[in-house]
Amino acid sequence: MTVSSTEFAAAPRGSADHAAGLGTIARLQRDKPWWLLPVTVVVVLGSFIVYSAWTATVGHGDASIAGNPPYLSPFYSPTWLAGHVPVFPALLCLLVPIGFRGTCYYYRKAYHRSFLLDPPACSVAEPRHRAYHGETRFPLVLNNLHRFTMYLAVAYVFILGYDAVNAFSLGGHLYLGLGTAIMVVNVILIAAYTFSCHSLRHFVGGGMDCYSCVRFGKPRHRIWQAVTRLNVRHPMWAWVSMFSVWSVDVYIRILGAGWFTDPHHIF
Ligand code: FES
């Protein structure tokens, strides 16, 4: 059954018309208590932030963990940027990913709702009302850097792609291991997250009024359509790519600690 937006707005919550007008995820969200999502985001995203801080500082100590040939953790890539800052060896490697994710439009929504409770959910009042100045003052003004970090994040897709290609080679032989597959999947998910970025969508054509009026309008329109298809699921790519980065690092650590032997074949 299809329900028009007017019928949906008029339907009482819990009615069949109301339920039919919602997607599955939205229906699940509406049926759960409002605080469940913010709490989940704080726990999961907070854990990732703590893990990242640890792996980028203390966890970098063991070189065999940072790079367990032919694998390299995305936290320490590119290698020529790693190890230059004493207390924070991975700092230079992480500047772009931190800047890109920290200013991402989706993550802004996540931290505004979950960490700042500003507001915590739709139709839920803020615990404390503060004057809102948009992104005109420090630190939120830094969010304007997103469109610039986006260019560098695109370069990172190729850097991580290079690492994944290197994971196919060990001692001059073709190497196929479970870690190779994990690194390849990670690059695909990072690419999906990066190429679904709202700023990128604007850059490739979202800011254009008339495609037939500009040079290369047709291919640009096609690229914009492809980015738009990815963009619809940007929150999902944000989460799965975060988990994939996490998984690659954990997997390489497990190998480095000798708890598991990478299933592989050398040709
Ligand atoms: Fe999320 Fe650009 S909006 S990465």
Side-chain angles (χ1 to χ4, degrees), residues 2-9 20-26 29 74 77-78 81 93-113 122 132-137 139-166 168 183-245:
T2 309
V3 176
S4 71
S5 54
T6 323
E7 287 168 329
F8 172 66
L22 292 171
T24 309
I25 300 286
Q29 283 178 354
S77 181
L81 279 180
C93 304
L94 294 180
L95 277 183
V96 170
I98 289 173
F100 188 53
R101 289 202 183 236
T103 58
C104 164
Y105 289 87
Y106 169 68
Y107 282 114
R108 290 182 209 184
K109 175 185 164 189
Y111 68 65
H112 267 283
R113 288 194 168 187
C122 285
Y132 179 65
H133 301 286
E135 291 172 347
T136 56
R137 296 190 184 177
L140 294 184
V141 70
L142 295 177
N143 280 332
N144 292 298
L145 292 175
H146 189 66
R147 73 199 81 151
F148 304 110
T149 56
M150 181 263 293
Y151 299 116
L152 297 169
V154 170
Y156 260 66
V157 173
F158 292 96
I159 290 170
L160 294 179
Y162 174 78
D163 295 340
V165 169
N166 277 341
F168 282 91
M183 287 186 67
V184 169
V185 169
N186 179 49
V187 175
I188 293 170
L189 296 177
I190 292 280
Y193 172 62
T194 307
F195 294 127
S196 65
C197 169
H198 296 285
S199 292
L200 186 81
R201 181 171 175 264
H202 181 84
F203 172 73
V204 299
M208 205 179 298
D209 291 330
C210 173
Y211 284 99
S212 57
C213 313
V214 295
R215 291 178 73 190
F216 308 114
K218 215 168 183 173
R220 289 187 73 178
H221 185 238
R222 289 221 181 92
I223 294 172
W224 174 81
Q225 283 179 313
V227 172
T228 299
R229 273 196 285 278
L230 280 175
N231 177 264
V232 173
R233 308 230 180 282
H234 189 59
M236 180 189 81
W237 299 125
W239 283 107
V240 294
S241 61
M242 185 191 85
F243 283 120
S244 74
V245 168

Test side chain to side chain contact (heavy atoms under 4.5 Å, CB included) applied to Asn231 and Phe195, step by step: CA-CA 8 Å; Asn231 177 264; Phe195 294 127; over 6 Å; no

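- Applying the salt bridge (charged side-chain N to carboxylate O under 4.0 Å, His left out) rule to Arg147 yields no partners; only residues at least two apart in sequence or on another chain are considered.
- Under the 4.5 Å side-chain criterion, counting only non-hydrogen atoms from C-beta, Thr194 is in contact with Phe100.
- The ring of Tyr151 has its center no closer than 6.0 angstrom to the ring center of Tyr156.
- Once rounded to the nearest 0.5 Å, the distance linking CD1 of Ile159 with CG of Leu81 reads 7.5 Å.
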Anything under 3.5 Å between a donor and an acceptor, one on a side chain of residues 233-243, the other on a protein residue two or more places apart or in another chain? List them.
| residue | atom | partner | partner atom | Å |
| --- | --- | --- | --- | --- |
| His234 | ND1 | Ser196 | O | 3.3 |
| His234 | ND1 | Ser196 | OG | 2.6 |
| Trp237 | NE1 | Leu230 | O | 3.3 |
| Trp239 | NE1 | Tyr106 | OH | 2.8 |
| Ser241 | OG | Arg101 | NH1 | 3.3 |
| Ser241 | OG | Arg101 | NH2 | 2.8 |
| Ser241 | OG | Trp237 | O | 2.6 |
| Ser241 | OG | Ala238 | O | 3.3 |

Evaluation steps, side chain to side chain contact (heavy atoms under 4.5 Å, CB included), between Leu140 and Glu135: CA-CA 5 Å; Leu140 294 184; Glu135 291 172 347; 4.1 Å; yes

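- Of all the heavy atoms in Ser77 and Cys93, the pair that sits closest is O-CB, 3.5 Å.
- Scanning for side chain to side chain contact (heavy atoms under 4.5 Å, CB included) contacts around Leu95 gives Leu91, Leu92, with sequence neighbours left out.
- In plain terms, the two heavy atoms of Val157 and Val187 that are nearest each other are O-CG1, 4.1 Å.
- Contact record, Met183 with Asp163: CE-O, 3.7 Å, taken as the closest heavy-atom pair.
- In terms of the side chain to side chain contact (heavy atoms under 4.5 Å, CB included) criterion, Val165 has no residue partners (sequence neighbours excluded).
- How far CE of Met150 is from CG of Leu145: 12.5 Å, rounded to the nearest 0.5 Å.
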Contacts table for residues 216-228: side-chain donor-acceptor under 3.5 angstrom, sequence neighbours left out:
| residue | atom | partner | partner atom | Å |
| --- | --- | --- | --- | --- |
| Thr228 | OG1 | Arg201 | NE | 3.0 |
| Thr228 | OG1 | Trp224 | O | 2.6 |

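- Side-chain polar atoms of His112 and Arg108 form no donor-acceptor pair below 3.5 angstrom.
- Among all heavy-atom pairs drawn from Val96 and Thr149, the shortest one is CG1-O, 4.4 Å.
- Note that CG of Leu189 and CG of Leu160 are 11.5 Å apart. Values are rounded to the nearest 0.5 Å.
- Across all their heavy atoms, Asn143 and Gly102 have their closest contact at OD1-O, 3.7 Å.
- Listed by chain and number, the residues in a side chain to side chain contact (heavy atoms under 4.5 Å, CB included) with Cys213 are Cys210 (sequence neighbours excluded).
- Within a 6.0 Å sphere centred on CZ of Phe203, other residues, nucleotides and ligands contribute 12 heavy atoms or fewer.
- Ring-plane geometry between Tyr105 and His146 is classed as perpendicular, the angle between the planes exceeding 60 degrees on a 0 to 90 degree scale with a lower cut at 30.
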